[in-house]
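Below is one structure; the comments refer to it alone.
Since the model is a prediction, treat every value here as computed from it, not as a measurement.
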Amino acid sequence: GMGPMMKSPGVAKGAATGAFVTAGSSAGKSVIRKFFTHPLVLFGLGVAAGYYIHKYRKSIISSAEEEQEEDAPVLSAAARTLELFAGSLEQLPELSP
């Protein structure tokens, strides 16, 4: 196979450089765009995302709840600031042209 060839850092670096140049060219961009907008690819990405979200849903939910608890003081402070700002806007005299 390609085992010994890929172990060489020069070959891997060359392949990475080639991939980078291809991605940077307009032809490479259109190929990549076509690949990622292909319905089967989008469907596959959706299935994969759905699978991982379902598989790790309990840890995702618990980490989201923990973040909400940590962010609660920050969010309430932001809401207070917004209310104060809105209140101060209402007190400003209206500018008439």
Side-chain angles (χ1 to χ4, degrees):
M2 293 176 49
M5 198 167 103
M6 289 308 288
K7 286 181 184 168
S8 163
V11 172
K13 191 175 182 183
T17 304
F20 186 77
V21 169
T22 302
S25 70
S26 61
K29 284 180 185 172
S30 73
V31 167
I32 290 170
R33 186 176 296 122
K34 281 181 187 173
F35 176 77
F36 279 111
T37 55
H38 192 280
L40 286 177
V41 173
L42 291 173
F43 179 75
L45 289 172
V47 168
Y51 169 77
Y52 280 105
I53 289 171
H54 181 76
K55 184 176 179 183
Y56 297 109
R57 67 190 181 280
K58 290 178 183 167
S59 63
I60 291 171
I61 290 169
S62 65
S63 67
E65 286 172 350
E66 287 171 16
E67 283 186 25
Q68 275 184 342
E69 290 168 10
E70 290 172 13
D71 291 344
V74 176
L75 291 173
S76 63
R80 265 196 309 278
T81 307
L82 215 83
E83 286 172 11
L84 289 171
F85 181 70
S88 64
L89 281 180
E90 290 171 4
Q91 292 171 3
L92 288 175
E94 287 189 26
L95 300 173
S96 53

Got a sec, which residues hit side-chain contact (heavy atoms from CB on, under 4.5 Å) with Leu42, two or more places apart in sequence or on another chain?
->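 Leu42: no side-chain contact (heavy atoms from CB on, under 4.5 Å) contacts found.
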
Side-chain donor-acceptor pairs under 3.5 Å in residues 78-85, sequence neighbours left out?
unit_1	atom_1	unit_2	atom_2	d
Thr81	OG1	Ala77	O	2.8

Would you say the side-chain atoms of Arg57 pair up with the backbone N or O of His54, donor to acceptor, closer than 3.5 Å?
->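 Yes, because the side chain of Arg57 sits within donor-acceptor range (under 3.5 Å) of the backbone of His54.
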
Under a 4.5 Å side-chain heavy-atom rule over Ile, Leu, Val, Met, Phe, Trp and Tyr, are Leu40 and Leu45 clustered together?
->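 Leu40 does not cluster with Leu45.
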
Hydrophobic cluster of Phe43, others only, ordered by chain and residue number, side-chain cut-off 4.5 Å =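 Once heavy-atom contacts under 4.5 Å are chained together, Phe43 belongs with Val47.
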
